[in-house]
Amino acid sequence: DKDVLMNLETAENIQCEFEYLALDGYFPMHFASHGQGNKDWQFAVEFIYRLLICQLAILEPVNLETEKDILGFCHKLAKQNPFGKDNGVWYWGEIILTKKGLDLIIKYIPEAFEEWNGKKFELNTPFIKTLESIFIEHGVEWDENNPLFPIASLMHS
């Protein structure tokens, strides 16, 4: 869809993660472990940062109260290889949607709360566009080529 700013793969990944989060909280590690190595690592940091900074999710039980706390946490995620031995920060707590995050799903993807019925995944363009406008509102527009937290990739991709 031409109206969506981010690339299709990213949009689909984001929607999938929201559908997971509709039902449960996840360790940050979950978002980095879809078998694409550095690409997943970079996606996870960017996604988690935007969830937290836009108040779409919180990290339980860790209390990231200020923007500075969130920045510090995401810098740690970017520095610490999720696939390495020393990856504790990736298990600090669970990412849980806030009412704001849940309301988005209720409005645009209500079927995410139902049991999976074998229906083929379809990108929900209005959902993604709304999310993009939330990111832009918070000054964290998704830009594939200029990540806000470039990962300290020690792995050879």
Side-chain angles (χ1 to χ4, degrees), residues 1-67 69-71 73-74 76-78 80 82-83 87-144 147-149 151:
D1 195 302
K2 288 284 170 280
D3 303 332
V4 173
L5 305 171
M6 61 181 73
N7 82 32
L8 190 61
E9 188 187 1
T10 299
E12 289 177 347
N13 284 343
I14 287 175
Q15 183 178 324
C16 279
E17 298 300 3
F18 263 91
E19 291 184 14
Y20 283 124
L21 286 165
L23 302 172
D24 209 354
Y26 288 92
F27 285 119
M29 186 63 192
H30 160 86
F31 304 102
S33 48
H34 298 300
Q36 290 193 290
N38 284 349
K39 197 173 176 188
D40 284 345
W41 177 6
Q42 187 67 72
F43 170 81
V45 181
E46 297 293 307
F47 182 59
I48 290 166
Y49 176 67
R50 284 167 178 82
L51 285 179
L52 297 173
I53 212 75
C54 300
Q55 291 151 354
L56 294 164
I58 51 171
L59 184 70
E60 285 277 341
V62 184
N63 207 352
L64 303 172
E65 284 183 12
T66 66
E67 210 168 303
D69 294 340
I70 295 170
L71 281 167
F73 174 65
C74 292
K76 284 190 179 83
L77 290 176
Q80 200 175 93
F83 317 107
N87 65 354
V89 70
W90 289 90
Y91 294 95
W92 270 14
E94 287 194 320
I95 302 282
I96 295 169
L97 290 180
T98 58
K99 183 181 180 321
K100 181 178 173 183
L102 286 168
D103 285 348
L104 267 182
I105 298 175
I106 292 164
K107 183 172 177 184
Y108 293 104
I109 327 172
E111 64 276 13
F113 296 101
E114 296 159 18
E115 273 193 53
W116 191 71
N117 53 10
K119 208 171 81 217
K120 197 167 115 341
F121 174 85
E122 270 177 48
L123 187 68
N124 185 312
T125 305
F127 169 74
I128 293 296
K129 285 164 79 166
T130 302
L131 208 50
E132 287 182 327
S133 63
I134 292 170
F135 292 165
I136 290 165
E137 228 172 88
H138 285 81
V140 292
E141 186 179 328
W142 195 285
D143 181 350
E144 229 72 51
L148 296 172
F149 297 90
I151 57 169

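The structure displayed is predicted, hence computed values, not measured ones.
Here the side chains of Ile14 and Phe18 are in contact, with some heavy-atom distance below 4.5 Å. Annotation: side chain of Leu131 is not in contact with side chain of Tyr108 (no heavy-atom distance under 4.5 Å). Side-chain atoms of Leu77 and Trp92, non-hydrogen and from C-beta on, never get closer than 4.5 Å to each other. Contact check for Phe31 versus Val45: no side-chain heavy atoms found under the 4.5 Å cut-off.
Atoms CG and CG, from Leu8 and Asn13 in turn, are 9.5 Å apart once rounded to the nearest 0.5 Å. Atom CG in Asp143 sits 8.0 Å away from atom CG in Leu148 (nearest 0.5 Å). The line from CD of Glu114 to CD1 of Ile109 is 12.0 Å long, rounded to the nearest 0.5 Å. Here the CD1-CD distance, from Ile105 to Glu111, works out to 10.0 Å after rounding to the nearest 0.5 Å. Atoms CG and CD1, on Leu56 and Ile96 in that order, are 14.0 Å from each other to the nearest 0.5 Å. Within the model, atoms CD of Glu9 and CG of Leu123 stand 12.5 Å from one another, a figure rounded to the nearest 0.5 Å.
Arg50 places a side-chain N or O within 3.5 Å of a backbone atom of Val140 that can act as its donor or acceptor partner. Counting only distance, with no hydrogens or angles, the side chain of Trp90 and the backbone of His30 share no donor-acceptor pair below 3.5 Å. A donor-acceptor pair is defined here as one N or O able to donate and one able to accept, closer than 3.5 Å; no such pair exists between the side chain of Gln15 and the backbone of Ile128. For the pair Glu144 (side chain) and Met6 (backbone), a donor-acceptor distance under 3.5 Å is absent. In this structure a side-chain-to-backbone donor-acceptor pair under 3.5 Å is missing from Glu132 to Trp142. Looking at Asp69, its side chain does come within 3.5 Å of a backbone N or O of Thr66 through a donor-acceptor pair.
The two atoms that bring Leu21 and Leu51 nearest to each other are CD1-CD1, 4.0 Å, heavy atoms only. Between Pro28 and Gly93, the shortest heavy-atom contact is CD-O, 3.0 Å. Of all heavy-atom pairs spanning Glu46 and Pro147, the tightest one is OE2-CB, 3.3 Å. Here the closest heavy-atom approach between residue Cys16 and residue Phe121 is recorded as SG-CE1, 3.7 Å. Pairing each heavy atom of Phe73 with each of Leu64, the nearest pair is CD2-CD1, 4.0 Å. Minimum heavy-atom separation, Glu141 to Ile136: CG-CG1, 3.8 Å.
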Apply the test side-chain contact (heavy atoms from CB on, under 4.5 Å) to residues Leu102 and Phe113: give CA-CA distance (whole Å), side-chain angles for both, the deciding distance (0.1 Å), then the verdict. CA-CA 10 Å; Leu102 286 168; Phe113 296 101; 4.1 Å; yes

Stepwise side-chain contact (heavy atoms from CB on, under 4.5 Å) check, Phe83 with Asn87: CA-CA 7 Å; Phe83 317 107; Asn87 65 354; over 6 Å; no

Between Phe127 and Thr130, does a side-chain contact (heavy atoms from CB on, under 4.5 Å) hold up when you go through it step by step? CA-CA 5 Å; Phe127 169 74; Thr130 302; 5.9 Å; no

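Side chains of His138 and Gln55: no donor on one and acceptor on the other come within 3.5 Å. Judged by distance alone, the side chains of Asn63 and Glu65 do bring a donor and an acceptor atom under 3.5 Å apart.
Below 30°, between 30° and 60°, or above 60°: for Phe43 and Phe47 the angle between ring planes is below 30°, a parallel geometry.
Remark: Lys107 NZ is loosely packed, at most 12 non-hydrogen atoms of other residues, nucleotides or ligands lying under 6.0 Å away.
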